[in-house]
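Structure first, then comments.
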Amino acid sequence: MDLQDFLIRARVFKLYRQALRVAGRAPPPARGELRQTIRQEMENNRNCNDKQRIRYLISEGLERLKRLDEMLDMQGHR
């Protein structure tokens with residue numbers, strides 16, 4: 001694993017942790033399903049080795065996370 005692989009991997013783990021934190025703010029009935037969805041998305045792309053695709057998935061994940069965070073803020077789940 002070279003340095004670039006290591007940095008990409010760190011970004012993936014950071015995104016995963018951030019997503020789980022935001023999911024923890026969701027209302028209790030939706031929290032479990034949201035965590036399961038996040039985990040499934042990560043598992044679906046676990047074996048992806050294309051660095052360009054991984055970067056795309058990270059940016060897509062960050063956008064989706066931002067929208068979820070904003071939605072939870074609007075609903076008063078801080």
Side-chain angles (χ1 to χ4, degrees):
M1 179 185 300
D2 65 0
L3 178 61
Q4 194 166 21
D5 290 339
F6 179 79
L7 293 174
I8 289 173
R9 188 171 188 220
R11 288 180 63 201
V12 170
F13 283 133
K14 181 180 179 182
L15 173 61
Y16 184 62
R17 287 190 307 269
Q18 287 176 322
L20 290 177
R21 276 190 215 107
V22 170
R25 293 181 25 224
R31 203 173 289 160
E33 183 179 342
L34 196 50
R35 285 185 179 143
Q36 186 177 9
T37 301
I38 292 165
R39 181 180 174 95
Q40 189 62 49
E41 287 287 330
M42 290 292 187
E43 285 292 326
N44 289 346
N45 296 294
R46 181 180 202 151
N47 295 319
C48 181
N49 293 319
D50 180 1
K51 291 178 186 177
Q52 186 173 354
R53 172 118 175 100
I54 294 170
R55 285 188 196 99
Y56 168 77
L57 290 168
I58 291 170
S59 66
E60 181 71 21
L62 288 169
E63 275 299 312
R64 291 172 67 182
L65 184 59
K66 181 181 174 187
R67 287 194 305 267
L68 175 62
D69 191 39
E70 290 170 353
M71 184 184 75
L72 290 171
D73 279 347
M74 284 190 278
Q75 292 177 351
H77 301 288
R78 301 193 185 260

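It should be emphasised that the depicted structure is a prediction, and the values quoted were computed from it without experimental measurement. Each residue takes its place number in the sequence, starting with 1.
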Could you check whether atom CD of Gln36 has more than 12 heavy atoms from other residues, nucleotides or ligands sitting under 6.0 Å from it? no
Rounded distance (nearest 0.5 Å) linking atom CD of Glu33 with atom CD1 of Ile38: 11.0 Å
For residues 40-52, dump all side-chain donor-acceptor pairs below 3.5 Å to protein atoms at least two apart in sequence or in another chain.
residue: Gln40; atom: NE2; partner: Asn44; partner atom: OD1; Å: 2.8
residue: Glu43; atom: OE1; partner: Arg46; partner atom: NH1; Å: 3.4
residue: Glu43; atom: OE2; partner: Arg46; partner atom: NH1; Å: 3.2
residue: Asn44; atom: ND2; partner: Gln40; partner atom: O; Å: 3.4
residue: Asn45; atom: ND2; partner: Glu41; partner atom: O; Å: 3.1
residue: Asp50; atom: OD1; partner: Gln52; partner atom: N; Å: 3.2
residue: Lys51; atom: NZ; partner: Asp5; partner atom: OD1; Å: 3.1

Quick check on Gln75: does its CD atom have over 12 non-hydrogen neighbours (other residues, nucleotides or ligands) under 6.0 Å away? yes
Only pairs under 3.5 Å count here: list side-chain donor-acceptor contacts from residues 7-28, not counting sequence neighbours, and write none if there are none.
residue: Arg25; atom: NE; partner: His77; partner atom: O; Å: 3.0
residue: Arg25; atom: NH1; partner: Asp69; partner atom: OD1; Å: 2.2
residue: Arg25; atom: NH2; partner: Asp69; partner atom: OD1; Å: 3.4
residue: Arg25; atom: NH2; partner: Asp73; partner atom: OD1; Å: 2.7
residue: Arg25; atom: NH2; partner: His77; partner atom: O; Å: 2.9

I'd like a table of donor-acceptor pairs (distance under 3.5 Å, sequence neighbours excluded) in which one partner is a side-chain atom from residues 61-68, with atom names and distances.
none

